[in-house]
Amino acid sequence: CWRMSRIRANIWAACSRIRRRSSRAKPGRYVPVATRDAAWNRGAYLAEGISHCGACHTPRGALGAERKDKAYAGAAIDNWIAPPLDKTNPAPIAWNQAELVAYLGTGVSLYHGTAAGPMAAVPRGLAHLPGSDVAAIATYFTSFNGSAARAGQDAALIQKALATDRVGTGLQYDAGTRLFTAACASCHYNGGKGLNPLRPDLALNSTVHLDDPTNLIRVILYGIDAKDGAPGVVMPAFGTGFTNADVARIAAYLRATRTTKAAWPDLEQKVATIRAT
Ligand code: HEC
Ligand code: HEC
């Protein structure tokens with residue numbers, strides 16, 4: 001009992017400290033950074049003060065506050081993964097200014113797919129702002145996400161992605177390949193003609209590169225309806241037709257053929273858990 005009351009007292013003291021600090025800091029009042037230009041400051045103000053991108057993309061500490069030392073390092077939110085928006089973002093092609101402007105402004109980008117799940121509402125909200133504001137948010141994120149250092153690599157990465165898409169077309173005897181070819185390739189195969197942003201190239205999509213397969217599994221099970229992502233197009237839901245083993249097999253196949261990362265463990269169990277939530 002004594003230990004419990006001490007712990008409670010400590011938590012209470014920590015909470016009051018945070019409350020006092022945040023009332024002094026006046027949350028929501030943005031203090032411009034003098035060394036940055038107007039567009040960067042506008043972007044930081046919109047991202048942090050208004051849209052609050054960190055509410056989903058920044059991991060939280062034990063008391064539920066966003067961890068300042070891990071700003072935009074990615075976090076789990078509402079049974080989805082909000083990917084990292086800093087240098088640790090796993091997408092092969094960097095999130096440069098043009099990709100961020102397209103994704104945030106319209107919900108669909110050429111190289112990174114579409115905004116699904118809890119992210120789908122964000123481009124719909126940003127659509128009410130002038131284009132210069134969306135550009136300012138992109139300016140803010142590209143100032144720390146390492147995209148400038150990766151400029152010039154896109155052409156080679158696209159060729160690599162198109163080549164991995166062709167792998168499998170001759171491997172019809174493998175169960176994962178067969179399932180993917182039958183269920184997914186009709187829409188997601190990007191032959192030699194380049195990329196179609198309305199049918200995201202999966203080798204370039206963060207869902208297959210993240211450490212956690214949740215987003216990929218959710219998209220396969222529940223699809224993306226016409227109002228989310230790219231307006232008017234639909235990614236069908238496979239949850240009713242596919243068993244947990246089918247979904248796990250496709251996820252494992254994409255991980256193995258589209259990335260060089262370690263296989264996801266316990267995939268079938270993960271699919272079952274996601275269905276149950
Ligand atoms: C309500 C939670 C939420 C908020 C608020 C939010 N995001 Fe997201 N974001 C997500 C989720 C979940 C995903 C994954 C969506 C998917 O896989 O399609 C995502 C995906 C993204 C991606 C794609 C990352 C990748 O590698 O595929 C970018 C870029 C992004 N968000 C930027 C932002 C910015 C900038 C803001 C603020 C203007 C913001 N987000 C606000 C939840 C959120
Ligand atoms: C009828 C065409 C069609 C089929 C079949 C299809 N997809 Fe899609 N897929 C789409 C479209 C269109 C989008 C973009 C959706 C949007 O923006 O609303 C998409 C998006 C995606 C995304 C990107 C999600 C994101 O957050 O960027 C993934 C991953 C995906 N599909 C995986 C699959 C897998 C795996 C299969 C097979 C089980 C499959 N798709 C079958 C049309 C299809």
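Read the numbers this way: they start at 1 and go in the same order the structure lists the ligands and their atoms.
- For Tyr140 and Tyr45, the ring centers are positioned 6.0 Å apart or more.
- Tyr103 OH, 3.4 Å is the protein heavy atom nearest to atom 20 (C) of ligand 1.
- Tyr253 and Arg258 share a donor-acceptor pair across their side chains, judged by distance under 3.5 Å alone.
- Heavy-atom proximity to Ile250, at under 4.0 Å, picks out these atoms of ligand 2: 35 (C), 38 (C).
- Protein heavy atom at the shortest distance from atom 16 (C) of ligand 2 is Ala230 N, 3.6 Å.
- Counting only protein N, O or S atoms closer than 2.8 Å to atom 8 (Fe) of ligand 2 gives 2.
- Counting heavy atoms closer than 4.0 Å to ligand 2, residue Ile220 contributes side-chain atoms (C-beta onward) but none from N, CA, C or O.
- Judged by the shortest distance from any of its heavy atoms, Ile81 lies inside the 4.0 Å radius around the atoms of ligand 1.
- At least one heavy atom of Val234 lies less than 4.0 angstrom from ligand 2.
- Only protein N, O or S atoms were scored, and 2 of them lie under 2.8 Å from atom 8 (Fe) of ligand 1.
- No side-chain donor-acceptor contact under 3.5 Å links His209 to the backbone of Asn89.
- The protein non-hydrogen atom at the shortest distance from atom 15 (C) of ligand 1 is Ala116 O, 3.5 Å.
- Among all protein heavy atoms, the one lying closest to atom 26 (O) of ligand 2 is Thr114 O, 3.1 Å.
- With respect to the salt-bridge test (charged N to carboxylate O, under 4.0 angstrom), the residues Asp86 and Lys70 do not qualify.
- The protein heavy-atom contact nearest to atom 17 (O) of ligand 1 is Asn215 ND2, 3.4 Å.
- Aromatic ring centres of Phe141 and Tyr72: separated by under 6.0 Å.
- In terms of polar-atom proximity, defined here as any N/O pair under 3.5 Å, His52 makes no such contact with ligand 1.
- By the criterion of a heavy-atom distance under 4.0 Å, the backbone of Asp228, and not its side chain, is placed next to ligand 2.
- Considering only non-hydrogen protein atoms, atom 35 (C) of ligand 1 sits nearest to Phe141 CE1, 3.4 Å.
- Under the 4.0 angstrom criterion for non-hydrogen atoms, Val108 is not in contact with ligand 2.
- Neither the backbone nor the side chain of Leu46 comes within contact range of ligand 1; no heavy atom lies under 4.0 Å.
- In terms of protein heavy-atom proximity, atom 5 (C) of ligand 2 is closest to Ala183 O, 3.2 Å.
- With hydrogens left out, the protein atom closest to atom 11 (C) of ligand 2 is Leu198 O, 3.6 Å, a heavy atom.
- When only interatomic distances are considered, the shortest N/O to N/O separation between Ser51 and ligand 1 does not fall below 3.5 Å.
- At the shortest separation from atom 29 (C) of ligand 2 among protein heavy atoms lies Thr207 OG1, 3.4 Å.
- The backbone N or O of Ser147 lies less than 3.5 Å from no partner atom in the side chain of Asn96, so there is not a single donor-acceptor pair.
- Contacts with ligand 2 closer than 4.0 Å are made by no heavy atom of Val208, backbone or side chain.
- For the side chain to side chain contact (heavy atoms under 4.5 Å, CB included) criterion with Tyr111, the lone passing option out of Asp201, Leu157, Asn205, Ile158 is Ile158.
- Under the side chain to side chain donor-acceptor pair (under 3.5 Å) criterion, Asn244 pairs with Arg275, not counting sequence neighbours.
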Can you give each donor-acceptor pair under 3.5 Å made by side-chain atoms of residues 113-129, sequence neighbours left out, with the distance rounded to 0.1 Å?
residue, atom, partner, partner atom, Å
Arg124, NH1, Lys227, O, 3.0
Arg124, NH1, Asp228, OD1, 2.8
Arg124, NH2, Asp228, OD1, 3.4

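- Of the protein's heavy atoms, Ser206 OG, 3.2 Å lies nearest to atom 25 (C) of ligand 1.
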